[in-house]
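For reference, the structure is listed below as structure tokens.
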Amino acid sequence: MNERDGIFAGDDPFEIARRWLAEAESAEPNDPNAVALATVDAQGLPDVRVVLLKEIEGQDEDGTFVFYTNYESAKGRQIEDTGTAAFVMHWKSLRRQIRVRGDVTRAPSAQSDAYYDSRPLDSRIGAWASAQSRLLDSRDTLISAVEEGKRSLGSHPARPACWGGYRIRPREIEFWADGAFRLHDRFKWVRRKIDRPDNGLPQGWTESRSGTWRIARLAP
Ligand SMILES: Cc1cc2nc3c(=O)[nH]c(=O)nc-3n(C[C@H](O)[C@H](O)[C@H](O)COP(=O)(O)O)c2cc1C
């Protein structure tokens with residue numbers, strides 16, 4: 001029995017994440033959708049940077065977390081190599097965090113096109129002008145690339161092939177909320193491995209109604 005109620009209640013981790021993000025949108029002064037995205041490089045060295053989570057889509061078995069970036073950036077190359085990433089979102093106003101670890105795939109082109117087309121023109125041109133994470137000899141070089149883009153790309157530039165969305169499909173999600181005297185609440189959701197023989201539910205775990213997730217309370 002892990003007494004999951006209140007802000008932790010629910011049978012779908014994506015619903016809970018959307019609910020928490022909606023609360024953060026009215027409580028946080030800036031960027032409630034900012035996440036610290038961790039990847040691992042070819043040497044096994046972890047790397048981390050902030051990106052904006054743009055969608056929490058789908059539910060249960062099929063839900064994913066989506067962000068947009070340059071596929072040839074450092075993070076893009078690390079993701080292409082490993083197919084994995086993790087992120088944490090922390091809301092100081094709510095004193096809560098969500099942690100996710102999972103497998104990453106590129107969003108379908110149509111989805112990346114739609115998001116790219118929704119951005120302000122200057123941001124769309126910026127995606128063309130900035131070879132993200134590559135060496136840049138001066139700020140002037142970047143400004144010139146933007147000016148050149150404004151001249152040559154017109155008012156409806158196509159999305160650069162090296163820029164688009166990534167979908168993170170969680171293997172694990174943890175919901176954490178601050179408690180008095182560091183007695184925080186933590187609930188970990190782990191995707192059930194359907195390719196492994198099922199030896200029953202380990203002690204301390206419950207199962208979501210769909211059978212997709214196993215859920216346990218963790219010590220803070
Ligand atoms: C609040 C905030 C939001 C950001 N959002 C994004 C984003 O959505 N996509 C992105 O590629 N970089 C974003 N960045 C920049 C990244 O943190 C990072 O500098 C850049 O993506 C290059 O990272 P890399 O060299 O590890 O690939 C954001 C930075 C901050 C501080």
Side-chain angles (χ1 to χ4, degrees), residues 14 17-18 20-58 63-139 141-143 145-146 149 153 157-170:
F14 301 96
R18 280 190 282 263
W20 284 27
L21 179 57
E23 281 183 68
E25 278 162 2
S26 29
E28 282 288 305
N30 283 309
D31 296 329
N33 58 336
V35 307
L37 176 84
T39 49
V40 175
D41 75 9
Q43 282 72 48
L45 188 66
D47 205 349
V48 63
R49 80 291 287 158
V50 173
V51 297
L52 298 179
L53 197 64
K54 287 295 174 178
E55 286 138 65
I56 302 176
E57 46 175 31
T64 62
F65 295 90
V66 182
F67 68 93
Y68 292 86
T69 194
N70 187 308
Y71 293 138
E72 294 170 4
S73 64
K75 81 182 87 48
R77 283 174 273 144
Q78 290 159 3
I79 287 170
E80 299 290 325
D81 280 354
T82 63
T84 61
F87 71 77
V88 60
M89 10 185 23
H90 171 229
W91 297 294
K92 292 186 169 74
S93 58
L94 301 179
R95 297 173 191 274
R96 291 185 212 167
Q97 73 175 340
I98 297 179
R99 295 166 61 175
V100 168
R101 304 170 76 199
D103 300 291
V104 188
T105 51
R106 290 190 185 192
S109 306
Q111 183 176 11
S112 292
D113 288 344
Y115 176 67
Y116 181 80
D117 292 344
S118 76
R119 304 178 81 212
L121 181 58
D122 284 0
S123 307
R124 282 178 275 159
I125 290 171
W128 276 101
S130 170
Q132 193 177 56
S133 313
R134 306 281 176 187
L135 292 193
L136 182 62
D137 60 1
S138 72
R139 185 167 178 86
T141 304
L142 178 64
I143 304 297
V146 170
L153 291 168
R159 174 175 61 89
C162 66
W163 191 97
Y166 278 120
R167 289 174 163 175
I168 304 178
R169 182 172 188 263

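Because only heavy atoms are used, hydrogens play no part in the values below, and waters and symmetry mates are left out as well, while side chains stay in. Start at 1 and go down the list; that is how both ligands and their atoms are numbered.
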Which segment of [X] sits under 4.0 Å of ligand 1 when only heavy atoms are counted:
X	value
Ala74	both
Lys54	neither
Phe67	neither
Asp31	side chain

* Please check if a non-hydrogen protein atom sits closer than 4.0 Å to atom 19 (O) of ligand 1. => no
* May I ask you to check whether Val51 has an N/O atom sitting below 3.5 Å from an N/O atom of ligand 1? => no
* Are Thr39 and Arg49 close enough that a side-chain donor and a side-chain acceptor fall under 3.5 Å? -> yes
* To do: Indicate whether the side chain of Ser112 and that of Ser109 have a donor and an acceptor atom separated by less than 3.5 Å.
  => no
* Looking at Thr69, which atoms of ligand 1 are within less than 4.0 Å of one of its heavy atoms? -> 10 (C), 11 (O)
* **Distance filter under 4.0 Å to Tyr68 heavy atoms, resulting ligand 1 atoms** => 7 (C), 8 (O), 9 (N), 10 (C), 11 (O)
Minimum-distance protein heavy atom relative to [atom]:
atom	answer
atom 8 (O) of ligand 1	Leu52 N, 3.1 Å
atom 25 (O) of ligand 1	Ser133 OG, 2.6 Å
atom 12 (N) of ligand 1	Gln132 NE2, 3.8 Å

* Atom CZ of Arg95: over 12 foreign heavy atoms under 6.0 Å -> no
* Report, as yes or no, whether the 6.0 Å neighbourhood of atom CZ on Arg124 holds more than 12 heavy atoms from other residues, nucleotides or ligands. => yes
* Is the shortest distance from a Lys or Arg side-chain nitrogen in Arg106 or Glu80 to a carboxylate oxygen in the other one below 4.0 Å? -> yes
* Is any NZ, NE, NH1 or NH2 atom of the basic residue among Asp113 and Arg159 found under 4.0 Å from an Asp or Glu carboxylate oxygen of the other? -> yes
* To do: Measure from atom 4 (C) of ligand 1 to every heavy atom in Val50, Asn30, Asp47 and give the option owning the shortest one.
  => Val50
* Nearest-option assignment for atom 26 (O) of ligand 1, heavy atoms, candidates Lys75, Arg134, Arg49, Arg77 -> Arg49
* How about Tyr166 and Phe65: are their ring centroids closer than 6.0 Å? -> no
* Asked: About how many Å separate CG of Asp47 and CG of Leu45, when rounded to the nearest 0.5 Å?
  -> 7.0 Å
* Asked: Rounded to the nearest 0.5 Å, how far does OH of Tyr116 lie from CH2 of Trp163?
  -> 7.5 Å
